[in-house]
Peer 1: 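One structure coming up, written as structure tokens, with questions to follow.
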2 protein chains.
Amino acid sequence: MPRPSLKDQRSEEILDAYLTCVARFGLEGATQERIAAEAGVKRPLLRHYLGNRDQMVAALNAHVVETFNELTDTLAVALAGALNADDMVELLFTEDAVNDPRLLLAWQGLSVSSGENPEMRADLLDSLEQFLKVLSDTLHRIVPAAAPAKTRAVAQGISSCFVTLDSLSPLSPPAEWRRELKQAALLLARTLEVPA
Amino acid sequence: MPRPSLKDQRSEEILDAYLTCVARFGLEGATQERIAAEAGVKRPLLRHYLGNRDQMVAALNAHVVETFNELTDTLAVALAGALNADDMVELLFTEDAVNDPRLLLAWQGLSVSSGENPEMRADLLDSLEQFLKVLSDTLHRIVPAAAPAKTRAVAQGISSCFVTLDSLSPLSPPAEWRRELKQAALLLARTLEVPA
DNA sequence: ACCATTATTGTCAAAAGTGACAATTAATGG
DNA sequence: CCATTAATTGTCACTTTTGACAATAATGGT
């Protein structure tokens with residue numbers, strides 16, 4: 001009887017536009033007008049679907065965290081086929097889906113303003129911890145002999161290179177940097193395979 | 001004859017307060033009222049000393065870049081005494097002056113919103129390139145035999161760990177992460193000393 | 001004491017952003 | 001065709017932020 005609800009679809013579209021704006025202007029710079037323009041809708045629709053500003057931020061946070069977690073899961077599956085450090089790094093730095101810098105930029109934008117919101121902070125931290133765990137577990141599977149602490153440190157370093165790549169994207173750094181960061185991750189991963 | 005000018009001192013104070021606010025609220029979230037409150041002055045003073053909003057952003061960018069460059073120079077001096085990879089990483093991750101996350105956070109905040117401002121973008125990129133060069137040169141001095149490309153990659157990786165440390169600070173991550181990132185940098189640096 | 005210059009504050013108008021509600025349009029089932 | 005529900009838009013009031021100017025206070029030299 002009722003008109004069919006577009007809530008899910010429209011919410012996704014708006015959140016995606018929101019994500020774009022946060023990546024480009026920062027969390028506080030992502031005004032409702034910019035979001036609406038980006039999404040190609042009128043401003044009042046934002047409120048209709050996502051609520052007021054606080055609720056919008058919460059929704060974006062949930063969306064970012066969820067997307068990041070899904071990405072982590074996808075990555076975990078892909079990494080299951082990695083036989084050595086080279087495979088692993090190759091997968092990490094070529095996965096196209098991962099190559100959307102907006103997600104990481106929004107993640108960082110949210111994290112800076114998460115001081116007043118413990119829940120957001122915890123979710124963001126958890127999502128990163130989960131990502132680290134996947135890297136760490138993969139490394140452990142590939143090189144079981146390595147000390148856990150060392151494996152964990154390597155995972156942190158690789159994650160760091162990976163994150164840095166996206167966080168630098170607004171500066172459009174020279175193309176070599178991408179290769180260099182990738183190679184750094186590679187060198188780091190190999191340190192596990194060649195125990196001193 | 002005239003009243004003595006406090007322009008330099010006050011400008012520094014205000015810029016420091018500005019830096020604090022940008023680190024905490026992001027660039028767009030650093031309103032003049034927050035800055036004024038943080039600096040302990042009335043809002044019109046900001047305009048008196050630094051001009052309008054655009055000029056304030058430009059001034060902050062110049063300040064951040066300058067401070068970062070000075071820090072890089074200081075680091076270069078300190079690193080001149082490093083004899084091996086361990087020394088280098090130890091210096092990097094203990095220098096107290098470097099340990100002010102506000103600078104890096106503001107740097108990142110500025111970088112995301114630098115798309116519209118090519119000059120800012122160039123200055124920010126240069127400051128990071130200079131930092132990388134110091135790391136790279138130090139590594140080359142310590143291990144001259146290493147291939148330049150490899151040295152450069154290692155410098156990128158170490159820089160990445162270093163930057164990540166500060167950029168995560170708003171989430172107040174577990175204390176282990178600091179040690180892990182430090183050890184990742186250490187492992188990476190050592191890869192130069194043990195050529196395959 | 002007076003002058004020149006600067007610091008500092010007060011105040012107002014304009015602009016941007018947000019919240020909320022009413023009104024209109026559109027689609028589906030009966 | 002009608003009723004119901006949701007999508008979509010229009011619009012107004014309120015708050016926040018910014019820009020700009022005037023006015024006052026303070027300081028150092030003459």
Side-chain angles (χ1 to χ4, degrees), chain A residues 1-61 106 109-110 112-113 115-117 120, chain B residues 1-61 106 109-110 112-113 115-117 120:
Chain A
M1 168 146 48
R3 178 174 181 174
S5 176
L6 298 181
K7 189 145 193 166
D8 291 347
Q9 177 186 347
R10 278 273 183 275
S11 297
E12 284 292 323
E13 292 174 5
I14 293 175
L15 281 175
D16 194 65
Y18 196 0
L19 190 69
T20 301
C21 289
V22 171
R24 189 149 49 209
F25 306 108
L27 185 61
E28 314 289 321
T31 67
Q32 295 188 350
E33 284 209 62
R34 281 173 170 168
I35 301 166
E38 177 70 28
V41 300
K42 301 295 181 181
R43 188 174 66 80
L45 269 201
L46 307 187
R47 175 179 179 77
H48 181 65
Y49 286 110
L50 299 183
N52 63 24
R53 191 180 201 286
D54 286 344
Q55 295 168 321
M56 283 184 66
V57 173
L60 179 66
N61 194 74
L110 288 164
V112 297
S113 300
E116 313 135 17
N117 199 330
M120 275 179 42
Chain B
M1 164 147 49
R3 179 173 179 173
S5 177
L6 297 182
K7 189 145 195 167
D8 290 348
Q9 176 185 346
R10 278 275 183 273
S11 297
E12 285 291 322
E13 292 174 5
I14 293 175
L15 281 175
D16 194 66
Y18 196 1
L19 191 69
T20 301
C21 290
V22 170
R24 189 149 50 207
F25 305 108
L27 185 62
E28 312 290 322
T31 67
Q32 296 187 350
E33 285 209 59
R34 281 173 170 168
I35 300 166
E38 178 70 28
V41 300
K42 299 296 179 180
R43 187 174 67 83
L45 269 201
L46 307 187
R47 174 178 181 76
H48 181 65
Y49 287 111
L50 299 184
N52 64 23
R53 191 183 149 74
D54 286 344
Q55 295 168 320
M56 284 184 66
V57 173
L60 179 66
N61 194 73
L110 288 164
V112 295
S113 300
E116 314 136 18
N117 199 331
M120 273 178 44

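First the proteins, then the strands, lettered A, B, ... as listed; each starts at 1.
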Peer 1: In whole angstrom, what separates B:L45's CG from D:dT24's C1'?
Peer 2: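 Roughly 13 Å, once rounded to whole Å.
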Peer 1: Side chains of residues 12-21 of chain A: which donor-acceptor partners sit under 3.5 Å, not counting sequence neighbours?
Peer 2:
from, atom 1, to, atom 2, distance (Å)
A:E13, OE1, A:R10, NH1, 2.8
A:E13, OE2, A:Q9, NE2, 3.1
A:D16, OD1, A:R102, NH1, 3.4
A:D16, OD1, A:R102, NH2, 3.2
A:D16, OD2, A:R102, NH1, 3.4
A:T20, OG1, A:D16, O, 3.1
A:T20, OG1, A:R102, NH1, 2.6

Peer 1: Could you state the interatomic distance from NE2 (B:H48) to CG (B:L46), rounded to the nearest 0.5 Å?
Peer 2: 11.5 Å
Peer 1: Considering non-hydrogen atoms only, spot the tightest contact between A:Q55 and A:L50 and give its length.
Peer 2: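 Heavy atoms of A:Q55 and A:L50 come nearest at CB-O, 3.4 Å.
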Peer 1: When you check every protein heavy atom under 4.0 Å of nucleotides 16-22 of chain C, what one-letter string (B, S, -) results, 5' to 3'?
Peer 2: -SBBB--
Peer 1: In residues 12-23 of chain A, what residues come within less than 4.0 Å of DNA chain D, judged by heavy atoms?
Peer 2: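 Going residue by residue through residues 12-23 of chain A, none turns out to have a heavy atom under 4.0 Å of DNA chain D.
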Peer 1: According to a strict under-4.0 Å criterion, is A:H48 in side-chain N/O contact with OP1 or OP2 of D:dA7?
Peer 2: yes
Peer 1: What heavy-atom pair brings B:L110 and B:M120 nearest, and what distance separates the two atoms?
Peer 2: O-CE, 3.8 Å
Peer 1: Can a side chain N or O of B:Y49 be found less than 4.0 Å away from OP1 or OP2 on C:dA7?
Peer 2: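 It does, given that an N or O in the side chain of B:Y49 lies less than 4.0 Å from OP1 or OP2 of C:dA7.
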Peer 1: Rounded to whole angstroms, how far apart are CG on B:D8 and C1' on C:dA7?
Peer 2: 14 Å
Peer 1: Can you check the B:M56 CE to D:dT17 C1' distance for me, whole Å?
Peer 2: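 Going from CE in B:M56 over to C1' in D:dT17 covers 12 Å.
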Peer 1: Sequence neighbours excluded and cut-off under 3.5 Å, please list the side-chain donor-acceptor pairs for residues 23-41 of chain B, or say none.
Peer 2:
from, atom 1, to, atom 2, distance (Å)
B:R24, NH2, B:E38, OE1, 3.2
B:E28, OE1, B:R53, NH2, 3.3
B:T31, OG1, B:R34, N, 3.3
B:Q32, OE1, B:R43, NH1, 3.1
B:R34, NH1, B:G29, O, 2.7

